[in-house]
Amino acid sequence: MEIIRTVSNLISRVNSARQSGKTIGLVPTMGALHDGHLSLVNRARNENDILIVSVFVNPTQFNNPSDLETYPRTEEADVAMLRNANVDIAFIPSVSEIYPEPDTRIFDLGPVADVMEGKMRPGHFNGVAQIVSKLFRMTQPNRAYFGEKDFQQIAVIRKLVELENFDIDIVDCPICRDSNGLALSSRNARLSPEKIAIAPQIYKTLLQAVTKSYSETVASVVQFVTQTLNQVQHLDVEYFTIVDSATLQPISEWPKEGNPQAIGCIAVFCGDVRLIDNIKFPLK
């Protein structure tokens, strides 16, 4: 595996691969890698000639400076994991390499970026668009892989691809969960043993919400999830919204057969660690 730290070296390597007719897969990450990332890497490895994994904690997508400061950074372990996964290129640049000068671009990402994470974290998705657009131009991938835990982010990136006319297939991959149901996340490393024991209540409650959806209204299910989790010590729901999976706009009635699926998206503080998750509701 090559470790590349400069944009110029990455572009040179990519151009060489392209000239040889090789397909390129990209898995963008912010490091602190876990089995969820590895599932993306393994799929990308199987579907492309050259596999690039970026490891970069992107400052422009953090609207909370303390969140950026405390975000876990584990480069040595990340490199070992990527070597074992037969990755071709690990792109691990510095902030100054990616942003030699401030990125002032503003993207019109539309309604999919205005709700949920976009509402709670102003500027977050514009920062995501800044770094992802840079990575797409540097790596020229045929396919880029993202996990469905960040369901809204995938919708935003699809919009970015449309805006920037990128010829890239966006491949969404299922959420990976621990045996207790907790969605795998780099932020889980910040959870104390006490909080690790509590956090699986999020997924447990989402599963109960699916059962309730067969007989109860959308509003009732939203109220159930919010109240149930807020009653658990150390859990504080920031939002739980049931949305149209295509538009990401809130719905008031369950979709019928043939319509886009409903998806419940949630952000919960477990102590001081913010966790997100989602679950799909069956068509009625």
Side-chain angles (χ1 to χ4, degrees), residues 1-58 60-61 75 77-100 103 105 107 109 125 127-151 153-176 186:
M1 182 180 78
E2 298 177 63
I3 298 175
I4 296 179
R5 298 188 183 273
T6 68
V7 173
S8 59
N9 285 349
L10 177 65
I11 290 174
S12 175
R13 181 68 170 83
V14 165
N15 287 342
S16 176
R18 280 290 195 183
Q19 289 167 7
S20 300
K22 297 186 182 298
T23 59
I24 297 173
L26 171 68
V27 181
T29 83
M30 293 206 300
L33 302 181
H34 50 67
D35 285 347
H37 294 110
L38 199 57
S39 71
L40 307 183
V41 169
N42 289 339
R43 180 166 176 181
R45 174 73 285 168
N46 290 334
E47 296 178 355
N48 301 276
D49 298 321
I50 301 293
L51 173 54
I52 302 172
V53 178
S54 62
V55 177
F56 179 67
V57 181
N58 175 44
T60 70
Q61 70 190 66
E75 182 179 318
D78 293 345
V79 167
M81 181 180 289
L82 296 178
R83 286 191 194 281
N84 289 338
N86 199 28
V87 169
D88 296 296
I89 297 169
F91 179 49
I92 312 178
S94 65
V95 173
S96 61
E97 184 67 22
I98 295 295
Y99 298 110
D103 191 337
R105 292 175 298 159
F107 295 85
L109 298 166
F125 284 128
V128 169
Q130 288 175 343
I131 183 59
V132 171
S133 62
K134 282 177 174 284
L135 289 171
F136 282 177
R137 288 195 171 89
M138 294 170 192
T139 61
Q140 304 174 52
N142 299 85
R143 304 172 190 88
Y145 297 78
F146 298 88
E148 286 187 344
K149 181 178 72 69
D150 298 293
F151 189 87
Q153 177 176 270
I154 295 174
V156 168
I157 289 168
R158 291 190 191 282
K159 180 64 176 177
L160 174 69
V161 167
E162 176 188 323
L163 287 174
E164 299 292 301
N165 294 312
F166 288 121
D167 184 18
I168 300 170
D169 290 332
I170 303 302
V171 183
D172 51 317
C173 302
I175 297 173
C176 288
S186 298

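These figures come from a predicted structure and were not determined experimentally.
Inter-residue side-chain proximity for Leu26 and Gln140 is flagged as unmet; no heavy-atom pair is nearer than 4.5 Å. Residues Pro28 and Leu135 meet the side-chain proximity criterion, which asks for heavy atoms closer than 4.5 Å. For the pair Thr139 and Arg13, the minimum side-chain heavy-atom distance is 4.5 Å or more. Annotation: side chain of Ile89 is not in contact with side chain of Val53 (no heavy-atom distance under 4.5 Å). Side-chain atoms of Val128 and Thr60, non-hydrogen and from C-beta on, never get closer than 4.5 Å to each other. Within the 4.5 Å cutoff, the side chain of Glu162 has no heavy atoms near those of the Arg158 side chain. Counting only heavy atoms from C-beta outward, the side chains of Met138 and Val14 never approach each other to under 4.5 Å. Put simply, the side chain of Ser133 reaches to within 4.5 Å of the side chain of Leu160, judged on heavy atoms.
The two residues Leu51 and Ala44 have their closest heavy-atom pair at CD1-CB, 3.6 Å. Pro141 and Phe136 get closest at one heavy-atom pair: CD-O, 3.5 Å. Across all non-hydrogen atoms, the minimal contact from Cys176 to Asp35 is SG-O, 4.2 Å. For the residue pair Gln130 and Tyr99, the shortest heavy atom distance occurs at CB-OH, 4.2 Å. Listed here is the closest heavy atom pair of Val41 and Leu82: CG2-CD2, 4.4 Å. The minimum heavy-atom distance linking Ile170 with Ile157 is given by the pair CD1-CG2, 3.8 Å.
Formation of a donor-acceptor pair under 3.5 Å by the Asp169 side chain with backbone atoms of Arg143 is not found in this model. In terms of modelled atom types and a separation under 3.5 Å, the side chain of Lys134 and the main chain of Ile98 share a donor-acceptor contact. Side chain of Glu97 to backbone of Val7: a donor-acceptor contact under 3.5 angstrom is found. For Ser186 (side chain) and Ala32 (main-chain N/O), a donor-acceptor pair under 3.5 Å exists by modelled atom type. In this structure, the side chain of Asn58 does not engage the main chain of Ile131 through any donor-acceptor pair within 3.5 Å.
The ring pair (Phe, Tyr, Trp, His ring centres under 6.0 Å) search around Phe56 returns none, not counting sequence neighbours. Listed by chain and residue number, Asp103 satisfy the salt bridge (charged side-chain N to carboxylate O under 4.0 Å, His left out) test with Arg105 (two or more places apart in sequence, or in another chain).
For residues 82-93, the side-chain hydrogen bond (donor to acceptor under 3.5 Å, both in side chains) pairs, not counting sequence neighbours, are Arg45-Asp88.
Atom OG1 of Thr29 is separated from atom CE of Met81 by 10.5 Å, given to the nearest 0.5 angstrom.
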Exercise for the section: Check the pair Asn9 / Thr6 against side-chain hydrogen bond (donor to acceptor under 3.5 Å, both in side chains), numbers first and verdict last. Expected result: CA-CA 5 Å; Asn9 285 349; Thr6 68; 3.2 Å; yes

Practice task
Please step through side-chain contact (heavy atoms from CB on, under 4.5 Å) for the pair Ile24 and Asp49, ending with a clear verdict.
Solution key: CA-CA 6 Å; Ile24 297 173; Asp49 298 321; over 6 Å; no

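More than 12 heavy atoms of other residues, nucleotides or ligands shown are found within 6.0 angstrom of CG on Asn46.
Here the rule is side chain to side chain contact (heavy atoms under 4.5 Å, CB included) with Phe146, and of Leu40, Ile154, Asp172 only Ile154 fits it.
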